[in-house]
Amino acid sequence: MTKRIFALLLALTLVVTLFAACGGNNESSTAGGDNSTSSKNDSSEASGEDSKTSTDDGDVPTISLMVTCGTTPADTADIEAALSKITREKIGCNVEIITIEIGNATQQMNLLLAGGDDTLDVFYAGIGTSFVNVASQGQAMELDSLMEPYAEEMKKALGENVYESGRINGKLYGVGRLLDQASVPCFTIRADIAEEFDYKNGDKINLEKLTELFQKVHDKYPDTPIIGPNNGAPNIGDSRVDSLGDGNKLGVLGNMGQDETVINYYESEYYTELVSYFKKWKEMGIYMPDLLNSTEAPVDFIPTGKCFGCFAGHFSAEMNGIWSSSNFGVDCASLQIYEDTVAVTPGAYGCINPATKNPEKAAGLLYLLSTDADVENLLINGIEGQHYQVLEDGTATYVDGQDITTVGWCLGYSWANQNSTLSIPFEYPADYFDQLLNANASAKQSKAFGCQFDLTGVSDAVSACTNVVNQYANPLAAGSVEDFDATLAKFQEDLKAAGIDEIIAARQEQLDEFLGK
């Protein structure tokens, strides 16, 4: 997951110049149109009704739905109208779209879940919010009885493990989104450079072989950096561990999540090996200069030849290379670094607000979001002929004359929806979602899959350790320190002082309970 997010970030860079990361696990996407910053849209044009009550075909309740985007798209009302036409027929309600702009997601979600007139009926916890926090604060409805009429069909569509992963203390508070559960770290490099040294898109490579490739490239092109930034630092994932839903890795499960003992990642052999390579790469002189202070995205430096590549993450290195080639405008090759991957707990959940006035209709909408291809494709790709066209191979692309900066809907935001596999692949191969599902099935499911960790009891330690990680992890990964051994030792020492052992103990206790120990 991903937290899969370079496609989103590239779109934001192009549209709102927010931030970018390299080759995340999402499809290329955008939010075009008038760039309005409104978080709530007037749906009266779309539905011919007051946004809260009825239509001219009788009293029909309106359910508000969270939709994530870069900026509020110009054609939101058109999507509302098309979506409401479906939902009126199938579950008897209209839908009001509440756009959540990713750059302001936390602030918007806090306001919308606080109650009052402006609220959300169906929303995704995990985008701008913590699922566990939302549930523990009473902002997510308990769903077991409400979803009972739909549960079996939803389990078939999403996978039972994904559906059931939204349980906290045995009760279902959210329905897991079906996305790529396993991300492979890879290095994306210009394809012509890779081919010079007998590599092609999708090839597997380990850190030792990758370093050898770096050396060969550097010997031939000594004036061009090889490792570029990923929104300020190389974001090197590690599929050898389950980070337990924590991007800061404050307690992980080793052995691709097959171990049952939570460990300190920053004292593990996994991380110390990585640091040894950071040190080698700095000594080789292959980092892009002043990498930590760079605001450039890969789309800025790879096509221009300022730097040859960057680290990335995707369920498939091959798919990441295809995506990068399309979005960077230059042929790219993504090389998979580790052999195997771990399938981890979903990062976000479809939830229902306890403040909703129509819980049954909200449940019906959550059901459609999980099982209905027309609903999901509309939310992900928009309206055929207006926002996208279908090619002969069955995939989608922009309508003629439109592109990422002008289209009126946030195309390709599959990562932000309940079941992306129901949609038409947008600027990906026709079997893209088949490959995603196969990658999920072939990955080793973590022993902690579905365990929702509540760290409120050690929140001070989490805050302190997060600050420590922010202080040390990026400079190490970016080759921006002078003494790697000393810096790593101080990093480990400061984490101890900040309370990482408390966090690990809390995670272990909850994992043991989850495993029935």
- Message: Surrounding CD of Gln137 (heavy atoms of other residues, nucleotides or ligands, distance under 6.0 Å), is the total greater than 12?
- Response: yes

Assess the residue pair Lys155 and Glu164 against the criterion (salt bridge (charged side-chain N to carboxylate O under 4.0 Å, His left out)); give the C-alpha distance rounded to whole Å, side-chain angles, the decisive distance to 0.1 Å, and a yes or no. CA-CA 8 Å; Lys155 288 177 184 179; Glu164 294 288 349; 3.2 Å; yes

Item to complete: Begin with the C-alpha distance, continue with both residues' side-chain angles, and end with the deciding distance and a verdict on salt bridge (charged side-chain N to carboxylate O under 4.0 Å, His left out) for Lys171 and Asp144.
Response: CA-CA 7 Å; Lys171 296 181 178 180; Asp144 278 296; over 6 Å; no

Tell me whether [X] forms a cation-pi arrangement with [Y], defined as NZ or CZ under 6.0 Å from the six-membered ring centre and within 45 degrees of its axis.
| X | Y | result |
| --- | --- | --- |
| Arg167 | Tyr173 | no |
| Lys249 | Tyr265 | yes |
| Arg190 | Phe308 | no |

Worksheet item: Gln445 and Val342: side-chain contact (heavy atoms from CB on, under 4.5 Å), yes or no, with the steps?
Response: CA-CA 6 Å; Gln445 182 169 295; Val342 53; over 6 Å; no

Classify the side-chain pair [X]/[Y] by whether it contains a donor and acceptor separated by less than 3.5 Å.
| X | Y | value |
| --- | --- | --- |
| Tyr338 | Arg240 | yes |
| Asn470 | Asn467 | no |
| Asn320 | Thr188 | yes |
| Asp259 | Thr261 | no |
| Asp431 | Gln435 | yes |
| Glu196 | Tyr221 | yes |

Can you tell whether the side chains of [X] and [Y] come within less than 4.0 Å, N to carboxylate O?
| X | Y | value |
| --- | --- | --- |
| Lys447 | Glu260 | yes |
| Lys200 | Glu195 | no |
| Lys306 | Asp300 | no |

- Query: Ignoring hydrogens and geometry, is there a side-chain-to-backbone donor-acceptor pair from Ser463 to Asp460 under 3.5 Å?
  - Reply: no

### Query
Distance-only, no hydrogens or angles: does the Lys282 side chain make a donor-acceptor pair with backbone N or O of Val481 under 3.5 Å?
yes

Q: Please state whether the rings of Tyr277 and Trp281 are parallel, tilted or perpendicular, taking 30° and 60° as the class boundaries.
A: tilted

Could you walk me through whether Leu65 and Leu369 satisfy the side-chain contact (heavy atoms from CB on, under 4.5 Å) test, starting with their C-alpha distance in whole Å, then the side-chain angles of each, then the deciding distance to 0.1 Å, before giving a yes or no? CA-CA 10 Å; Leu65 169 68; Leu369 293 169; 3.8 Å; yes

Residues passing the salt bridge (charged side-chain N to carboxylate O under 4.0 Å, His left out) test with Lys280, sequence neighbours excluded, are none

Partner of Lys490 under side chain to side chain contact (heavy atoms under 4.5 Å, CB included), picked from Leu488, Asp494, Thr487, is Asp494

By ring-ring contact (aromatic ring centres under 6.0 Å, His included), Phe187 pairs with (sequence neighbours left out) Phe214, Phe311

